[in-house]
Number of protein chains: 2
Amino acid sequence: MKLSTKSRYGVRALFDLAYNSGSLPTQVQDISRRQDISPRYLEQIFQNLKKAGILTSKRGPKGGYTLARKPEEISIRDILLATEGESLFVDCIVVGDGRRKRKPECGLNGCCVTQTIWSDANNLMTEHFGTVTLKDLCERAQAMGLKREVDNRMMYFI
Amino acid sequence: MKLSTKSRYGVRALFDLAYNSGSLPTQVQDISRRQDISPRYLEQIFQNLKKAGILTSKRGPKGGYTLARKPEEISIRDILLATEGESLFVDCIVVGDGRRKRKPECGLNGCCVTQTIWSDANNLMTEHFGTVTLKDLCERAQAMGLKREVDNRMMYFI
DNA sequence: CTTAAAACCTACTATTTCTGTCAACTAAAT
DNA sequence: ATTTAGTTGACAGAAATAGTAGGTTTTAAG
Ligand code: FES
Ligand code: FES
């Protein structure tokens with residue numbers, strides 16, 4: 001099991017957005033260039049993130065994407081929820097509302113011993129990723145000495 | 001990201017072995033029947049687990065597989081290590097010996113902010129899964145009231 | 001010694017998921 | 001009106017996964 005590129009790209013792109021952009025919308029192509037991700041593909045990912053309420057978008061010239069909340073209010077968990085779905089590890093865990101479709105998969109439902117393991121692990125990861133935010137990432141980046149790209153659109157407003 | 005069937009089947013099969021078998025070797029077909037896993041596929045998985053030193057085997061009639069260690073000495077981590085490889089989440093984490101091939105994947109190596117996240121998470125999971133053993137699973141199973149299958153080969157020895 | 005039961009090995013196929021691209025469309029700014 | 005840029009859904013190639021199959025080797029039992 002590996003994270004899908006949707007998740008990895010998603011996290012990187014959102015970090016990039018938090019790190020390099022001000023309050024102005026940022027175009028997909030800029031992030032794509034900086035992070036070396038196919039722009040078309042990134043659009044798809046951003047669409048998911050938008051549905052998840054993590055991004056907002058603005059069309060037209062000078063349009064682009066903006067974080068829907070402050071970086072410290074967006075956790076890795078939020079992102080993974082949008083890109084991977086509710087449960088890592090297995091599909092058969094029943095979360096929250098009982099309307100979710102169940103795939104028993106092994107043993108009868110509720111009688112599966114291994115399910116408890118994956119469920120525990122899932123809770124642990126959820127809790128952990130919930131504490132790591134984009135702001136933390138930005139701080140790490142700064143500590144590592146990563147340069148921000150100067151946003152040349154600011155020129156017009158000086 | 002979901003666990004591969006190799007991992008899920010593997011854990012279930014090993015649990016089955018720990019729960020239902022005595023010291024005698026158990027055949028693939030028995031486990032396959034009890035756990036409803038394709039016998040031919042299970043053979044493949046068992047080969048991996050054997051290479052990883054978790055199982056020992058005996059050929060010929062009355063042959064089969066046996067746990068290489070006591071159930072309390074086999075952790076979920078050991079199993080996942082055999083079925084999933086060293087790192088969950090991403091491929092680019094460098095573990096232990098530097099001879100492992102690196103796939104930078106995002107940013108320059110050592111300069112990737114997100115890598116630290118996945119690495120942390122990987123460590124956390126490794127630590128957690130390292131504390132859960134097959135014995136724990138057996139205890140849970142007993143608490144849940146799962147029946148053991150009577151091993152009818154014992155009949156011959158009474 | 002023969003037979004049969006089981007693990008062992010290699011290769012193949014089918015299915016699904018992932019990754020990325022394309023073209024047509026819609027909204028916004030000038 | 002025109003142009004820029006995001007939106008959408010379909011789609012195709014690649015890769016990983018899941019499972020199948022045939023044959024070989026080892027070993028216990030008769
Ligand atoms: S029912 Fe899902 S792990 Fe067993
Ligand atoms: S280099 Fe692997 S996550 Fe960035």
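- As rounded to whole Å, 16 Å separates atom P of D/dT8 from atom CD1 of A/Ile45.
- Atom CE in A/Met1 sits roughly 16 Å away from atom C1' in C/dT17 (whole-Å rounding).
- OP1 or OP2 of C/dC18 has not a single side-chain nitrogen or oxygen of A/Thr5 nearer than 4.0 Å.
- In this structure, A/Leu81 is not a member of the same hydrophobic cluster as A/Ile45, with clusters built from ILVMFWY side-chain heavy atoms closer than 4.5 Å.
- Nucleotide C/dT19 holds its P atom 7 Å from the OH atom of A/Tyr9, rounded to whole Å.
- Remark: C1' of D/dT17 and CG of B/Leu3 are 13 Å apart, rounded to the nearest angstrom.
- Atom C1' of nucleotide D/dT17 and atom CZ of B/Arg8 are separated by 11 Å, given to the nearest angstrom.
- If you take NZ of B/Lys6 and P of D/dT20, they are 13 Å apart, rounded to a whole angstrom.
- As rounded to whole Å, 12 Å separates atom C1' of D/dT8 from atom CG of A/Asn48.
- Checking the phosphate oxygens (OP1, OP2) of D/dT20, a side-chain nitrogen or oxygen of B/Ser38 falls inside 4.0 Å.
- Listed by chain and number, the residues in a side-chain hydrogen bond (donor to acceptor under 3.5 Å, both in side chains) with B/Gln44 amount to none (sequence neighbours excluded).
- Spacing between atom CG of A/Asp91 and atom C1' of D/dA18 amounts to 15 Å, rounded to whole angstrom units.
- Among pairs with a residue in residues 44-69 of chain B, those fulfilling ring-ring contact (aromatic ring centres under 6.0 Å, His included) read B/Phe46-B/Tyr65, at least two apart in sequence or across chains.
- When the side-chain hydrogen bond (donor to acceptor under 3.5 Å, both in side chains) test is applied to B/Ser32, no partner is found at least two apart in sequence or on another chain.
- In this structure, B/Asp136 has no salt bridge (charged side-chain N to carboxylate O under 4.0 Å, His left out) partners at least two apart in sequence or on a different chain.
- At D/dA21, none of the side-chain N or O atoms of B/Tyr41 fall inside 4.0 Å of OP1 or OP2 (strictly under the cut-off).
- Judged as a salt bridge (charged side-chain N to carboxylate O under 4.0 Å, His left out), and not counting sequence neighbours, the contacts of B/Lys2 are A/Asp91.
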Base contacts versus sugar-phosphate-only contacts with protein, heavy atoms under 4.0 Å: please encode nucleotides 5-14 of chain C as B, S and - from 5' to 3'. BBSBB-B---

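- Partner B/Ser21 forms a side-chain hydrogen bond (donor to acceptor under 3.5 Å, both in side chains) with one of B/Asp30, B/Asp16, B/Thr26 and no other, that one being B/Thr26.
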